[in-house]
Amino acid sequence: MTTVRVLGGPGTGKSHLLVEAAVAHITAGLDPESVLLLTGSGRLAASARSALTARLLAARSGEPCRAVVREPLVRSLHSYAFAVLRKAAERAGDPPPRLVTRAEQDGIIRELLAGDLDDGARGWPRDLRPALTTVGFAGELRDLMSRCAERGVDAEDLRRIGRETGHPEWVAAARFARQYEQVMLLRASVGTAAPQATVPALGADELVGAALDALAADADLLVAERARVRVLLVDDAQHLDPQAARLVRVLAAGTDLTVLAGDPNQAVYGFRGADPELLTGDSQLIELNHSHRCAPAIARAISGVAGGLPGAGWRHLGGSGDSGSVSVRVTSSSHAEATLIADALRRAHLVDGLAWSQLAVIVRSAATAAAIERALSTAGVPVDPAGFGGPVADAPAARALLTVLRATLGGLDEEQATALLTGPIGRVDPVSLRQLRRTLRRNDIGLVDALTGRAPQLPGALGGAVKRVRTVLTAAARANREHHDPRYTLWQAWERSGLQRRWLTSAERGGVDGALADRNLAAVTALFDLADDYVARTTGASVAGLLDHVAALQLAPPSADESAAETVAVLSPHAALGRDWEMVVIAGVQEGLWPNTTPRGGVLGTQRLLDVLDGLGDDVSARAPLLAEERRLLIAAMGRARRRLLITAVDSDSGDEAMLPSAFVSELAAHDTGEVQEPTRPVPAPPLLSPSAVVGRLRAVVCAPDGAVDEDARAGAATQLARLAAAGVPGADPSQWHGMAELSTEAPLWSGEEHTVTLSPSTLQTLTDCPLRWLAEAHGGSGPRGLSSTLGSVLHALVADSGKNEQQLAAELESLWAAVPFDSPWYAANELDRHRAMLAAFVAWRAGSRHELTEVGTEIELAGEVAPGVAVRGRIDRLERDAQGRLVIVDVKTAKSPVTKDDAQSNAQLGLYQLAVAAGLLADGDEPGGGRLVYVGKPTANGGATEREQTAMAPENADEWRAVVAEAAAATAGPQFTARVNDGCTHCPIRATCPAQGVKNV
Ligand code: SF4
């Protein structure tokens, strides 16, 4: 038997050498079934299989070729172990083994833990007992048992190690592992209600150990396997755990030739128990030091990073082809980093002609990936939306559908109801949710009843949200009753949610919302793929089983076709293994993130256990091996690049969190091949090479005020704009510029006496102040609902609750605060104090005004006609009755600066409400007693709120107000809309393009 080790860095041709070795032996006459090429994963096996097939067909062209082989030539190690077990079962006349999913494993673990808890959890250390009910603990326990299985450590060994090293949690885990083994055996021998449980069941991590046991127990099987496999080829041997290495050794003992290929410097699965030990020893060694993939500059940088590794792996890597480039860029903000990456990718595609699919961005964290994906999409870079991803169950879109399935099975609870209403199906914001709860409470209905019981009568948007969620829940429940296929239930929930049409429309529009919609659609597609996979592999598949299956998957599924789509991949270093691109960007190389030396292993100390098994004592630094693994991960990521490598990081001390580039950045800066003098000096966002950005810059020059730019530059910019316009670039042609197009119509927006204009008090105010602003805001020109608007709604909702005193209101305010999306904790704390003070001012005002006012109601809805052709619709904060029995309108204001007393007299909001009272729209009376603006944000000296008053509307004043209202209503018709400068201009959303503001650059 000859064993050869082949060691080499990225792109040195290890996999190619193995394929060529297989081809050489087969073409030399060896039976193809005598050659076995083992890989670390199914994906790598698939690509090696197609490479081998292509080579064999090429080598044998013209010769008769044996078309059928019974045993695949290329297999993943787990697939080979499973095949051994199946053969062993066949020989013993037993049913074939069954592979249990992680979900099934987790389900059994959770059941056993629940049993432990029922018994008082006495077997577990006291400090771990509270964790026993959590999903995370079950996952950690599975992980620890898997690592033990991979290293051949049985329950008895684990107990002994726990005792000897003083780790009671391992002793407890050992007792648990024995219990788990017994349950699995029982399920195999006796069976359970599930028919598929009557055959031997194994987890993926137990496969290799079980195959070794089978070969040890059945000597004939071992002889047969050794007789069959004459040439054993193993790729990526650095990813094998000790059990897998043992299986390779057992098999290798009978071969004529064994070739072990790998790279200890790219061993990055230490956290999963991998150990490159198989690649050591004194067998014949071939070192490959020349990368056929990486350009010399990249190979030099990789060698530099490898120089910092401990151990005896390779230290020098040579490159091939043209020199290539390595660039290091540090930016002054995360935004600048994302823009820089977008610009670099766009230039690579547009200027240098690289296909999008030849570009990739590798990142360590999902948050960085999301930010970069958003920036790329906005800049017009097509991104593979399923590239990075986290667990499917964590994607909001999938989470909503899984919540529906969970509610279908176990009945809807309050938490699920809230999640569904505020998620993508309901789309209710926290403040509207509060309004909904209050409205339902008035009708004595709970949130769960509103979604599952008799449909409640609800106004407008709230009614729509409740209806959407109800429809989805009803459809899923019906499907679950009538069918037994969980996919059907999932499909019904998805179809009735209406999200498909909504997200497809957004995705077509592009931009940030489009990118988000793309991600949502990708998550739902992944969820359906998982459901398909689960149903195909599980007899008696159920909705409950599907939920467990999805919850147990911690990694995003690979995208269906990684290379076919013309998109840029944004992915993690582990997901990038086995692939390569012309240009790779390694982004977010930040201190604390890459290298990430936070100890792994959680509360059960799994990493520590691995260290103990490897003979490392307590005195060995836990940081050093992690640092080495992070360095190897960087080497693996760099090795994905063929010609260009860009490394980016952020150096910023602004904002809530200071960000520093990691030590890797300065190390790599020494290999920068660019012309930048100081690559680690932070730079701002570069001008982006995108059509809209270039057009914007040229237009700024063309339209600059006289004397602000050189006239030659202006002429040059105009020439470039003309070229772009001729090429059809949007926004380049002056005819598309604001104010340059012909009027599309001069017809008014409406006409005729039968037309009724409905005004809210705030639109009346806007129309009175500035009709142009009204036009813009009424047709999509207003910004999204801001934080101050949300906070205003929170305060209004609280003060509407008449029965509460200051302490109760403050307590409720604090409980709501967590749901308000503040950018920073200090701002949240400041605002909380300010809102507490406003509540105190309101309560003091309320108490101080009771001698003259009596509350009639709060948040009073009102609608109806106030003048010919003009209707009002709105909600009065408070309605009070004065000593003369007249109705007084009270509007609570959170602004810090009250209007003047004169302005209050002409306040359109109070005027319109008084007019509505006079028109008899309220059942409580028709005599207006005036209005008050109560500024709770501006306390008075005695602690109350500053008040501004509008006097009671006399009949003759009512006519004046009717005229104001009619004029405002007429102003909505157009076709001209006046821009009227007023005190609110500073907050106007179209101020930048307002003709009344002397805007020149439009
Ligand atoms: S900036 Fe002032 S004048 Fe111009 S549209 Fe806005 S509110 Fe009207």
Side-chain angles (χ1 to χ4, degrees), residues 696 699-700 703-705 708 731 734-751 757-793 870 872-874 891-913 915 931 933 935 937-938 948 950 960-961 963-1002:
R699 280 174 60 173
C703 301
S735 68
Q736 297 167 351
W737 298 1
H738 177 76
M740 303 296 281
E742 290 293 311
L743 291 180
S744 55
T745 177
E746 293 199 26
L749 292 180
W750 57 268
S751 60
V757 176
T758 301
L759 298 176
S760 72
S762 63
T763 48
L764 174 63
Q765 188 74 59
T766 310
L767 279 163
T768 312
D769 291 344
C770 176
L772 181 61
R773 179 171 180 172
W774 169 83
L775 178 77
E777 292 189 337
H779 296 88
S782 56
R785 186 185 164 98
L787 181 65
S788 61
S789 160
T790 305
L791 292 177
S793 303
V870 187
V872 61
R873 181 179 297 138
D891 196 53
V892 177
K893 298 282 187 198
T894 55
K896 293 168 200 157
S897 313
V899 296
T900 64
K901 289 180 179 166
D902 284 351
D903 285 346
Q905 288 298 343
S906 58
N907 181 275
Q909 205 165 355
L910 294 179
L912 185 59
Y913 282 140
L915 200 57
L933 301 172
Y935 285 89
K938 174 81 175 170
R948 293 285 182 264
Q950 187 174 72
E960 283 171 27
W961 275 106
V964 169
V965 165
E967 190 184 335
T972 63
Q976 270 95 39
F977 295 87
T978 309
R980 196 177 291 141
V981 175
N982 63 88
D983 290 347
C985 285
T986 43
H987 303 298
C988 175
I990 59 163
R991 183 183 164 85
T993 52
C994 172
Q997 298 290 338
V999 174
K1000 292 202 174 60
N1001 293 327
V1002 292

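Just so you know, ligand 1 is whichever comes first in the structure, and atom 1 is the first atom listed for that ligand.
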Practice prompt. Please could you name the atoms of ligand 1 that Gln997 approaches to less than 4.0 Å, counting only its heavy atoms?
Written response: 1 (S), 2 (Fe)

Worksheet item: Are Val872 and Leu915 side-chain neighbours, meaning at least one heavy-atom pair lies under 4.5 Å?
Response: no

Practice prompt. For Glu967, look at atom CD and say whether over 12 heavy atoms of other residues, nucleotides or ligands are found less than 6.0 Å away.
Written response: no

Worksheet, complete the sentence: Across all chains, not counting sequence neighbours, the side chain to side chain contact (heavy atoms under 4.5 Å, CB included) partners of Pro734 are Trp737

Discussion item. Going by the rule salt bridge (charged side-chain N to carboxylate O under 4.0 Å, His left out), which residues pair with Asp769 if we only count those two or more places apart in sequence or in a different chain?
Written reply: none

Check residues 903-912 and write down every donor-acceptor pair under 3.5 Å in which the side-chain atom is one partner and the other belongs to a residue at least two apart or another chain.
residue: Asp903; atom: OD2; partner: Thr900; partner atom: OG1; Å: 3.3
residue: Gln905; atom: OE1; partner: Thr951; partner atom: N; Å: 3.2
residue: Gln905; atom: OE1; partner: Thr951; partner atom: OG1; Å: 3.2
residue: Gln905; atom: NE2; partner: Glu949; partner atom: O; Å: 3.3
residue: Ser906; atom: OG; partner: Asp903; partner atom: O; Å: 3.2
residue: Asn907; atom: OD1; partner: Gln909; partner atom: N; Å: 3.0
residue: Asn907; atom: OD1; partner: Leu910; partner atom: N; Å: 2.9
residue: Gln909; atom: OE1; partner: Lys893; partner atom: NZ; Å: 3.2

Worksheet entry | Distance filter under 2.8 Å, centred on atom 8 (Fe) of ligand 1 - protein N, O or S atoms that pass it | Cys770 SG

Item to complete: Please tell me if the side chains of Leu767 and Leu759 come closer than 4.5 Å, counting only heavy atoms from C-beta onward.
Response: yes

